[in-house]
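So the structure is just underneath, and the comments pick up after that.
All values below come from the heavy atoms of this structure, side chains included, with hydrogens, waters and symmetry mates left out. Chain identifiers are assigned alphabetically (A, B, ...) following the order of the sequence lines, protein sequences preceding nucleic acid strands; residue numbering begins at 1 within each chain. Please read these numbers as outputs of a predicted model, since none were measured by experiment.
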Number of protein chains: 2
Amino acid sequence: MCGKCSPYLDFAAAYCAGRGLRLTAPRAQVLGIVVEAGKPITAYEALAVLGQQVKNPKPPTVYRALDFLQQAGLVHRIESLNAYVACHGGHDHHSSQFLICDDCGTVQEVESGPLDKAIGDTTEKMGFVSGHWSAEIHGSCKKCQG
Amino acid sequence: MCGKCSPYLDFAAAYCAGRGLRLTAPRAQVLGIVVEAGKPITAYEALAVLGQQVKNPKPPTVYRALDFLQQAGLVHRIESLNAYVACHGGHDHHSSQFLICDDCGTVQEVESGPLDKAIGDTTEKMGFVSGHWSAEIHGSCKKCQG
DNA sequence: AAATTATTTGTCATATTTTAACGATAAGTT
DNA sequence: AACTTATCGTTAAAATATGACAAATAATTT
Ligand SMILES: [Zn+2]
Ligand SMILES: [Zn+2]
Ligand SMILES: [Zn+2]
Ligand SMILES: [Zn+2]
């Protein structure tokens, strides 16, 4: 828990309350851990951190919390990293786009209208009904360049 | 090996030869297995199939072959499925887009210029230098509707 | 051709990531 | 309170992926 994640947790509490979602203790703890990480964190890394707060937690605790948080839209899973990041905005979205810096490990979530439209156009043309999608863009962030 | 994968393997052989890449026996076998699957196949599924062709193969054999094939651009990894598909075209590309049907399990690789441009615009605006990216679009394919 | 070097392979084992199952606990309902 | 549903803690075990190293193969050099 820190200055950065406390406001986020306040927001998350209200966000969940407004939707009938239960932000229980383990869920809130894991959310705090993901927020505080500030970059992608794996389930086992989160488990290790959680172990500093509660006694000897087990993997299912973290995985269940992450599943819940994902469904709630509070965290995203970066598939290409097997890791999780907090959603950068308090918005429902079934799709997400990430700029993943392979040098420093940071991930920036972006919202690109044109990207959204391009995917909509493509799926429509193919007669495909899109549920959710994600674009994971690997490369080098601004800071990490000469 | 079948009527579908044989021409693909011929192409792959020429493709690799032209680039100084060595399409060795285990690599060609694994490629054949992925092509023949016709839909995403996991490393361990491929390992099981390979076990019908050679005696008691081990995971590293398949993983190494898949790594090579990926680097060569002959197969893609679908991160959200932990599975692999053959590249639908004989083209170099550092990026790919997939329409993944969650009902029938098929995956269609598409090439969308607008999507490519949208990602280029976004990364440029953020000062991000993009290496490779992939968009994995989950949903329901044309066949699986109504 | 022989020696050298680099790449690839087979094999052992292990590490990492994720899930199933199930009884206990807590929350929401009638 | 009695009932139903959701969540939790715990014990495994399944599924996914990699490290290490010697043997074999292929490419390169002498
Ligand atoms: Zn988000
Ligand atoms: Zn960076
Ligand atoms: Zn492709
Ligand atoms: Zn389908």
Side-chain angles (χ1 to χ4, degrees), chain A residues 12-13 16-34 37 40-72 74-85 105 136, chain B residues 12-13 16-34 37 39-72 74-85 102 105 136:
Chain A
C16 288
R19 289 154 207 263
L21 301 173
R22 292 170 54 195
L23 188 62
T24 60
R27 291 167 178 173
Q29 282 170 311
V30 170
L31 177 56
I33 289 165
V34 173
I41 184 173
T42 67
Y44 266 76
E45 287 167 351
L47 181 63
V49 177
L50 184 61
Q52 301 166 0
Q53 303 175 22
V54 304
K55 193 199 162 195
N56 197 24
K58 313 292 182 190
T61 299
V62 165
Y63 279 102
R64 285 197 284 232
L66 289 171
D67 285 349
F68 167 85
L69 295 168
Q70 249 184 292
Q71 292 234 299
L74 292 166
V75 311
H76 298 296
R77 177 180 161 85
I78 310 287
E79 299 286 356
S80 57
L81 298 177
N82 292 344
Y84 301 81
V85 292
E136 303 187 1
Chain B
C16 288
R19 288 153 209 264
L21 302 173
R22 292 168 55 193
L23 188 61
T24 60
R27 291 167 178 174
Q29 282 170 312
V30 169
L31 178 56
I33 289 165
V34 173
K39 58 174 187 156
I41 183 172
T42 69
Y44 270 78
E45 286 168 352
L47 180 63
V49 177
L50 184 61
Q52 301 166 0
Q53 303 174 21
V54 304
K55 192 199 167 196
N56 197 24
K58 314 292 181 191
T61 299
V62 165
Y63 278 102
R64 286 197 284 231
L66 289 171
D67 285 349
F68 167 85
L69 295 168
Q70 251 185 291
Q71 291 234 301
L74 292 166
V75 310
H76 298 295
R77 176 179 162 87
I78 309 288
E79 297 286 356
S80 57
L81 299 176
N82 293 343
Y84 302 81
V85 292
D102 296 323
E136 303 187 2

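The side chain of B:T24 contributes an N or O atom lying less than 4.0 Å from OP1 or OP2 of C:dT9.
Aromatic stacking of A:Y63 on C:dT19: not satisfied for centres closer than 5.5 Å together with planes under 30 degrees.
Taking atom CD of residue A:E45 and atom C1' of nucleotide C:dT17, one finds them 12 Å apart after rounding to whole Å. The nearest whole Å value for the distance from the CG atom in B:L81 to the P atom in D:dT16 is 11 Å. D:dT18 atom P lies 11 Å from atom CG of B:L66, rounded to whole Å. Between B:L21 atom CG and D:dA26 atom P the separation is 17 Å, expressed in whole Å. Spacing between atom CG of B:L47 and atom P of D:dA15 amounts to 13 Å, rounded to whole angstrom units. For the pair A:E79 CD and C:dT17 C1', the interatomic distance rounds to 13 Å; values are reported in whole Å. In this structure, CG of B:L23 is placed 13 Å from C1' of C:dT8, rounded to the nearest angstrom.
Looking at heavy-atom distances under 4.0 Å, A:F68 makes no contact with the nucleic acid at all. Within 4.0 Å of B:P26, counting heavy atoms only, lie sugar-phosphate atoms of the nucleic acid but no base atom. Contact annotation for B:R64: base contact, defined as any heavy-atom pair under 4.0 Å involving a base atom.
Of the residues near DNA chain D, A:K58 and B:D67, the one whose nearest nucleotide (by heavy atom distance) lies more toward the 5' end is A:K58. Residue whose closest nucleotide on DNA chain C sits further toward the 5' end, between A:Y44 and B:A25: B:A25.
With hydrogens and angles ignored, the 3.5 Å screen pairs a side-chain donor or acceptor of A:E45 with a backbone N or O of A:T42.
Proximity note for A:T61 (side chain, C-beta onward) versus D:dT10, D:dT18, C:dT8: the nearest is D:dT10. Closest contact between the side chain of A:R27 and the listed nucleotides D:dT7, D:dA17, D:dT10 involves D:dT7. Set against D:dA17, C:dT19, C:dG28, the side chain of B:N82 has D:dA17 as its closest nucleotide. For B:R22, taking side-chain heavy atoms from C-beta onward, the closest of the listed nucleotides D:dA27, D:dA17, C:dT19 is D:dA27.
Using modelled atom types, one finds no donor on one side chain facing an acceptor on the other under 3.5 Å when comparing B:S80 with A:E79.
Residues A:F68 and A:R22 fail the side-chain proximity criterion, which asks for heavy atoms closer than 4.5 Å.
We find the CD1-CD distance between B:I78 and B:E136 to be 5.5 Å, quoted to the nearest 0.5 Å.
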### Task
Take A:L69 and A:L23, measure what side chain to side chain contact (heavy atoms under 4.5 Å, CB included) needs, and give me the verdict at the end.
CA-CA 9 Å; A:L69 295 168; A:L23 188 62; 4.2 Å; yes
